[in-house]
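Working notes, structure below.
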Amino acid sequence: MKSTLSIKKTWLMAIAATFFVASCSDETTVFENPEDNLVNETNQSKLDNSVSFERAGVLDIYEDPIATAKRFNLTGKTEEAGDYPLSLVAQIAPPSFDNGENLAATHVALDGDYGYVSYNTVGQDYVGAIDVIDISDPTDPRVTSRLYYTNADLNSIAYHNGYVYVAGGVDSEQSVTATANSLIAKIAVSGGRLNTSDITYGFQEGFNATDVRIVDNKAIVTSGQDGFVVVYDKNDLSALNEAAFSDLRSVAYSGSEIAVLDAAQGVTFLDQSLNVTRSINIDSDFGVDAKRTLDFSNENIVVAEGTKGAGVYNATSGSFVEYLPILTNPENAEPGEIVTNGVAVNEDVLLMANGAGGLSLSESKDGSAVGVGVIELTGSINYVTSKGDYIFAASGTKGFQIIKLNRPDESLVTRCEDLAAYSGSSSLNVNTGDDFAYRGSKRFNNLNIGGNLLLCGSWTVKDGVNINQNGLFEMNGTIVIGRNNRQRNVTINSGATLRVEGNLTIYGDLVLNEGATVEFIGDDSVVNIFGNVTKGSNTTVEGTFRDVRGAF
């Protein structure tokens with residue numbers, strides 16, 4: 001796709017040869033609070049209404065054809081339960097204000113209880129925004145602060161020690177303070193609130209700043225065509241060093257060295273003084289006005305290469321390892337919209353933001369990546385990052401999406417380690433007299449329980465759960481059922497019992513028919529029901545639990 005990055009609204013297409021300078025140019029300037037083109041959103045109800053649970057719930061994965069074939073038995077009739085039981089927690093709608101109705105999410109930074117999202121505007125206008133999102137309670141994310149920029153695109157964001165750092169572009173011809181089009185801003189943030197009285201700016205050459213990364217006491221910023229990688233003192237944004245490149249898109253850090261992606265050449269590795277140590281030449285069309293990122297993955301570096309997908313290279317030798325292709329090709333997508341914009345690595349999971357091709361998930365096995373499929377999301381995916389048990393995707397005009405991986409808790413794995421790992425149908429039927437117990441992490445279509453079933457781990461169920469008369473369903477861990485725009489119920493029939501130790505989320509109703517029982521074990525169980533709890537006569541609810549939405 002044509003990304004919303006807007007590396008430059010208009011530019012000359014001639015590309016200067018790459019060169020390096022030992023000292024900082026005179027054009028790099030620092031300003032203290034120079035702009036009054038800032039608008040703080042003070043309407044809390046508008047911030048609250050930005051959070052949508054409409055599509056929250058179980059996410060399917062449109063699988064790679066080869067992987068999908070392995071999930072069917074030889075008769076081709078029984079679909080096996082899939083790995084990666086993902087769920088969509090919520091979506092954050094993009095900011096909107098007068099003369100700023102076309103904002104699109106471009107980048108996400110995570111730290112502790114908060115996520116920080118940057119936005120820019122498609123087209124010629126320079127308009128951007130920043131959201132601060134409280135994710136301390138993953139069942140109930142909240143936008144706590146929002147800042148509009150009426151004169152600047154914001155293309156990348158980072159957080160460190162009480163400040164957010166944003167990189168973007170400004171029309172220097174229309175600004176009384178900007179000496180160049182590429183900017184970095186350092187904005188104080190505390191308790192989830194941005195402080196516009198404490199902002200520091202710096203400007204550098206290049207048509208638009210494309211990425212920012214905080215490394216130790218430095219802020220490293222890349223700018224696009226005819227731009228630079230500049231190292232700033234992160235405290236006062238004074239420029240310490242810089243090197244010129246043709247068309248920088250992204251910067252990554254491995255803990256010992258810096259890597260930058262130059263669309264005119266490929267990947268260049270730099271030491272702390274910005275001296276080139278080695279390069280990987282990549283012959284790919286990285287596009288114009290397109291966001292492209294790179295990320296380290298163990299001994300490799302993964303590069304977003306547009307229509308080719310993601311390229312994997314050995315970071316030490318530079319040798320090519322493999323291409324990870326884009327797994328879908330939507331019929332209604334325009335040519336050039338299905339491109340890999342960004343990549344992210346989380347343990348053995350590799351994620352690719354493929355524009356109109358969606359967000360794909362691959363897993364690392366035996367030194368190579370195996371495509372699993374495309375996650376069921378809306379919008380064109382511009383950027384992805386992942387930390388812990390969560391995936392955070394910037395999906396253009398669809399905003400910011402929070403996805404839970406639902407990885408099994410290690411303590412649960414230990415307690416249930418003697419159980420067999422589940423491997424079987426996605427539609428699990430437990431007949432009267434059956435007594436099954438499994439551990440694992442799978443995606444089900446539905447559960448129908450007449451006997452006894454124990455599930456330890458993390459699970460999702462796309463359709464409903466039915467516990468038949470005198471049936472017993474025990475779950476220890478996490479289970480998510482249905483989704484908010486396609487609600488499905490959990491039904492407990494006469495004499496049947498649902499026993500919960502962990503986290504139960506139902507996008508639908510919990511129906512307790514006559515004589516049904518729900519038991520909560522321990523003191524830490526959490527119940528998050530988006531529908532209603534209906535009770536027949538002689539029903540029982542026992543135990544201690546946190547009722548997130550007051551359904552009981």
Side-chain angles (χ1 to χ4, degrees), residues 1-5 52 55-65 67-68 82-92 94 104-110 115 117 250 290-295 297 302-312 323-330 332-333 337-364 369-407 443 460 462 483:
M1 69 169 277
K2 216 173 186 183
S3 164
T4 57
L5 176 59
S52 172
R55 299 183 63 85
V58 173
L59 289 172
D60 206 351
I61 295 180
Y62 306 126
E63 297 192 348
D64 173 72
T68 301
D83 297 326
Y84 299 99
L86 308 179
S87 55
L88 179 66
V89 176
Q91 292 174 286
I92 313 296
T106 56
H107 204 104
V108 181
L110 307 172
V117 186
S250 184
K291 189 178 185 79
R292 302 287 185 261
T293 70
L294 73 168
D295 197 8
S297 176
V302 187
V303 182
E305 295 190 36
T307 57
K308 287 184 178 179
V312 183
Y323 276 118
L324 302 179
I326 298 170
L327 297 178
T328 56
N329 186 15
N332 59 345
E337 289 188 343
I338 306 170
V339 290
T340 300
N341 298 313
V343 292
V345 178
N346 185 337
E347 296 181 6
D348 57 348
V349 170
L350 191 149
L351 300 154
M352 295 165 56
N354 295 324
L359 178 64
S360 67
L361 184 151
S362 300
E363 58 186 356
S364 178
V370 178
V372 175
V374 178
I375 301 170
E376 181 189 13
L377 295 173
T378 58
S380 180
I381 310 299
N382 294 333
Y383 180 80
V384 60
T385 188
S386 184
K387 183 177 182 181
D389 201 33
Y390 290 89
I391 300 168
F392 302 86
S395 50
T397 56
K398 295 295 183 180
F400 176 59
Q401 308 201 47
I402 305 172
I403 302 121
K404 198 169 189 295
L405 281 162
N406 294 313
R407 284 172 166 150
R443 289 177 284 124
T460 60
K462 184 169 67 173
R483 60 185 303 162

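Note that the structure is a prediction, hence the values are computed from the model and not measured.
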Stepwise side-chain contact (heavy atoms from CB on, under 4.5 Å) test for R483 and R55: CA-CA 6 Å; R483 60 185 303 162; R55 299 183 63 85; 3.6 Å; yes
V374 and S360: CA distance, side-chain angles, deciding distance, side-chain contact (heavy atoms from CB on, under 4.5 Å) verdict: CA-CA 4 Å; V374 178; S360 67; 4.2 Å; yes
Value rounded to 0.5 Å, distance of OG1 in T340 from CD1 in I381: 12.0 Å
Q401 side-chain N/O to T378 backbone N/O, donor-acceptor pair under 3.5 Å: yes
Reported CG-to-OG distance for the pair N341 and S250, which is rounded to 0.5 angstrom: 11.5 Å
Closest non-hydrogen atom pair, N382 against A353: C-CB, 4.0 Å
All N/O donor-acceptor pairs, side-chain side in residues 342-352, below 3.5 Å, sequence neighbours left out:
unit_1, atom_1, unit_2, atom_2, d
N346, OD1, R407, NH1, 3.1
N346, ND2, S386, OG, 2.8
N346, ND2, G388, O, 3.1

Straight-line distance of I326 CD1 to T307 OG1, nearest 0.5 Å: 7.0 Å
Candidate pair V384 and I391, rule side-chain contact (heavy atoms from CB on, under 4.5 Å), full reasoning: CA-CA 7 Å; V384 60; I391 300 168; 3.7 Å; yes
Residues in side chain to side chain contact (heavy atoms under 4.5 Å, CB included) contact with S87, at least two apart in sequence or another chain: K404, N406, V480
Closest contact, heavy atoms only, L86 versus T460: O-CG2, 3.6 Å
Check: D60 and R443 side chains under 4.5 Å, non-hydrogen atoms: yes
For E376 against V58, the heavy-atom pair lying closest together: OE1-O, 4.3 Å
CA sep, side-chain torsions, deciding dist, call: V302, L294, side-chain contact (heavy atoms from CB on, under 4.5 Å): CA-CA 6 Å; V302 187; L294 73 168; over 6 Å; no
Donor-acceptor pair between Q91 and S395 side chains, under 3.5 angstrom: no
Euclidean distance, L377 CG relative to Y62 OH, rounded to 0.5 Å: 9.0 Å
Expected output: side-chain N354 to main-chain G309 donor-acceptor under 3.5 Å: no
Where L327 and G371 come nearest, the two heavy atoms and their spacing: CD1-CA, 4.3 Å
Side chain to side chain contact (heavy atoms under 4.5 Å, CB included) partners of T385, counting only residues at least two apart: V108, L110, Y383, F392
Contact summary for A393 and I403, nearest pair of heavy atoms: CB-CD1, 4.4 Å
Exercise: identify the closest heavy-atom pair between G399 and A105: O-CB, 3.7 Å
Gap separating the CG atom of L59 from the CD1 atom of I375, nearest 0.5 angstrom: 7.0 Å
